[in-house]
Visitor: 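Before anything else, here's the structure in question.
All of these numbers come straight from a predicted model, not from anything done at the bench. The analysis underlying the following values was restricted to heavy atoms, covering all of them including side chains, and did not include hydrogens, waters or symmetry mates.
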Amino acid sequence: MSAAEVGGVAHEGIAGEVVAAEMSAAGLAPNGETADGTASAEMIGIAVTTGSLGALDVPATVRGATSHRGIVYAEVRGFRPLLMDVHVPFGATGPVPCVMWVHGGGWEVGDRRFTPPNWPVDLLFGSLVDAGLAVATVDYRLSGEARYPAPLHDLKAAVRFLRTHAEVLGIDAARLGVSGESAGGHLAAMIALTGDVPRLEGTVALGNVGVGAAGEGHVGVPGVPGDAGGGPSSAVQAAAILYGVTDFTAQVASLGLPPGEIPDAPEARFLGATPEQAPSVATAASPVTHATSSAPPMLLISGDRDSVVPLDQSERLRDALLRAGATDVVLEVIAGADHCFDGVDPAPALATVVTFLATRLHTAQIPKAP
């Protein structure tokens, strides 16, 4: 099912993940790995990302983490296996909160392993681990494979998987957060705002890998609401949304494209139609539609010069959440930043993301189940 890596040594399957975790807890460092779980330069992959040459790989581990790579969290007939990597702080003495990261790429390209090329390699994931948080990076079906709501269903399945296998992974099933950038920010916002909407759960992985309908291996999580069958919830306890689309109708209008070109926009390919052609689909896929007073703590962060997803998109979701009565909504505007925080040093903005998630998840008070 997966490969857990400590010092570049892969241990296959969930059982292998336990082996790797036990090795870490015992302070063992195979292949000359340092005691804090980091690998030497000779033992890690080299990150190379170019549009024409493709990508080789990222470092085998996140600094300071035990890394479980290539976990198959779901299989959908006719599609590639859906994978995640989980990076857990090295030497953690108990279950730690976990942030699920959703990559960007216009819903049509991207990979769980990579952050935008203008961000220093490992800055975000390493900083989250340094803050005592595990990080689960997740692949999902892209628009050339399946249209909305398929990617949302995939990611909800990933949240359920994390809850089901929290104990073996060393994460706290009651303290899960989500974050993503651009298209991943849109999907992260949808996850955060629809955790209690059964019609949007989908059926990905239900009845598979321990997550199924009632009587098919569902595992309830104390203090976290589940579905009617007592299974794990896809709800999260905090979210950080980096310049994500929140209102498809307004977003497509902002592109200023001639009508004939609108169907070629990434938004239209993701939805399978333009907002004008399918207004109900555009509305259902827009996070602003799902703003409620029960929204988890949410950070919205965007550059004021974003030429791809305007700042207005973050403002729209903030306003919708406040109107609905949400109590913990923060809008952070990065002066001078274009999309992906291009044009400025991304480190301060990413530090804001890490601080928000660490503060909310480490102090999350989860009510006991009735």
Side-chain angles (χ1 to χ4, degrees), residues 1-7 9-26 28 36-37 60-75 81-102 112-113 125-126 128-140 154-179 191 204-205 208-212 217-224 226 231-238 357-358 361-362 364 366:
M1 180 180 295
S2 66
E5 301 189 3
V6 181
V9 176
H11 308 275
E12 297 296 332
I14 286 289
E17 295 172 9
V18 175
V19 171
E22 290 176 345
M23 291 172 66
S24 298
L28 299 178
D36 65 356
T61 59
V62 168
R63 69 171 189 270
T66 297
S67 295
H68 309 282
R69 299 185 68 197
I71 300 172
V72 178
Y73 73 84
E75 293 184 286
L82 298 172
L83 305 181
M84 69 166 64
D85 300 337
V86 182
H87 309 284
V88 183
F90 185 83
T93 57
V96 297
C98 180
V99 174
M100 190 173 83
W101 172 255
V102 187
R112 71 188 186 281
R113 298 168 299 167
F125 301 155
L128 287 166
V129 167
D130 288 345
L133 303 172
V135 186
T137 65
V138 184
D139 282 337
Y140 53 90
D154 295 345
L155 294 167
K156 283 176 169 284
V159 176
R160 295 193 298 264
F161 182 96
L162 289 170
R163 284 211 159 94
T164 300
H165 298 290
E167 183 175 0
V168 73
L169 291 170
I171 63 177
D172 187 342
R175 291 186 291 169
L176 298 184
V178 67
S179 185
I191 293 166
V204 175
N208 184 26
V209 293
V211 185
H218 256 141
V219 180
V221 180
V224 178
S233 168
S234 66
V236 296
Q237 285 65 60
L357 291 168
L361 291 174
H362 280 304
I366 308 302

Visitor: Hey, does Leu128 have a side-chain heavy atom less than 4.5 Å from the side chain of Trp101?
Guide: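 Answer no - side chains too far apart.
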Visitor: Please confirm whether the backbone N or O of Asp139 pairs with a side-chain atom of Tyr73, one donor and one acceptor, at under 3.5 Å?
Guide: yes
Visitor: Within the structure provided, determine whether Leu155 and Met100 are in side-chain contact (heavy-atom separation under 4.5 Å).
Guide: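 Sidechains of Met100 and Leu155: in contact.
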Visitor: Of the non-hydrogen atoms in Ile171 and Ala134, which two are nearest, and what is the gap between them?
Guide: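 Scanning both residues, the minimum pair turns out to be CG2-CB, 3.7 Å.
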Visitor: Of all heavy-atom pairs between Val236 and Ile191, which one has the smallest distance, and what is that distance?
Guide: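 Result for this residue pair: CG1-CG2, 4.1 Å.
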Visitor: Looking at Arg113 and Asp85, is there a salt bridge between them, counting it only when a charged N and a carboxylate O are closer than 4.0 Å?
Guide: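 No, this pair does not count.
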Visitor: Hey, what do you get for CG (Asp154) to CE (Met84), rounding to the nearest 0.5 Å?
Guide: 11.0 Å
Visitor: For a quick test of reading the model, state the closest non-hydrogen atom pair linking Val96 to Pro89 and the distance between them.
Guide: CG2-CD, 3.9 Å
Visitor: Name the one of Asp172, Val99, Val88 that satisfies side-chain contact (heavy atoms from CB on, under 4.5 Å) with Leu133?
Guide: Val99
Visitor: Would you confirm whether His362, through its side chain, and Ala131, through its main-chain N or O, come within 3.5 Å as a donor-acceptor pair?
Guide: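 Judged by distance alone, yes, a pair lies under 3.5 Å.
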Visitor: With no hydrogens and no angle check, is any side-chain donor or acceptor of Arg160 less than 3.5 Å from a backbone partner on Pro232?
Guide: no
Visitor: Using every non-hydrogen atom in the two residues, find where Ala74 and Val204 come nearest and quote the distance to one decimal.
Guide: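 Looking at all heavy atoms of both residues, the shortest contact is CB-CG1, 3.7 Å.
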Visitor: What is the minimum heavy-atom distance between Leu361 and Ala238, and which atoms define it?
Guide: CD2-CB, 3.9 Å
Visitor: Keeping the roles fixed (side chain from Gln237, backbone from Leu176), state whether a donor-acceptor pair exists under 3.5 Å.
Guide: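 Side chain of Gln237 to backbone of Leu176, a donor-acceptor pair under 3.5 Å: yes, one is there.
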Visitor: Would you please test Val135 and Val86 for side-chain contact (heavy atoms from CB on, under 4.5 Å) and show each step?
Guide: CA-CA 6 Å; Val135 186; Val86 182; over 6 Å; no
Visitor: Measure the acute angle between the ring planes of His87 and Phe125, then classify it against the limits of 30° and 60° as parallel, tilted or perpendicular.
Guide: parallel
Visitor: Determine the minimum heavy-atom distance between Lys156 and Ser234, stating which atoms define it.
Guide: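 Looking at all heavy atoms of both residues, the shortest contact is NZ-OG, 3.2 Å.
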Visitor: In Å and rounded to the nearest 0.5 Å, what is the CZ to CG distance from Arg69 to Leu83?
Guide: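 It comes to 10.5 Å.
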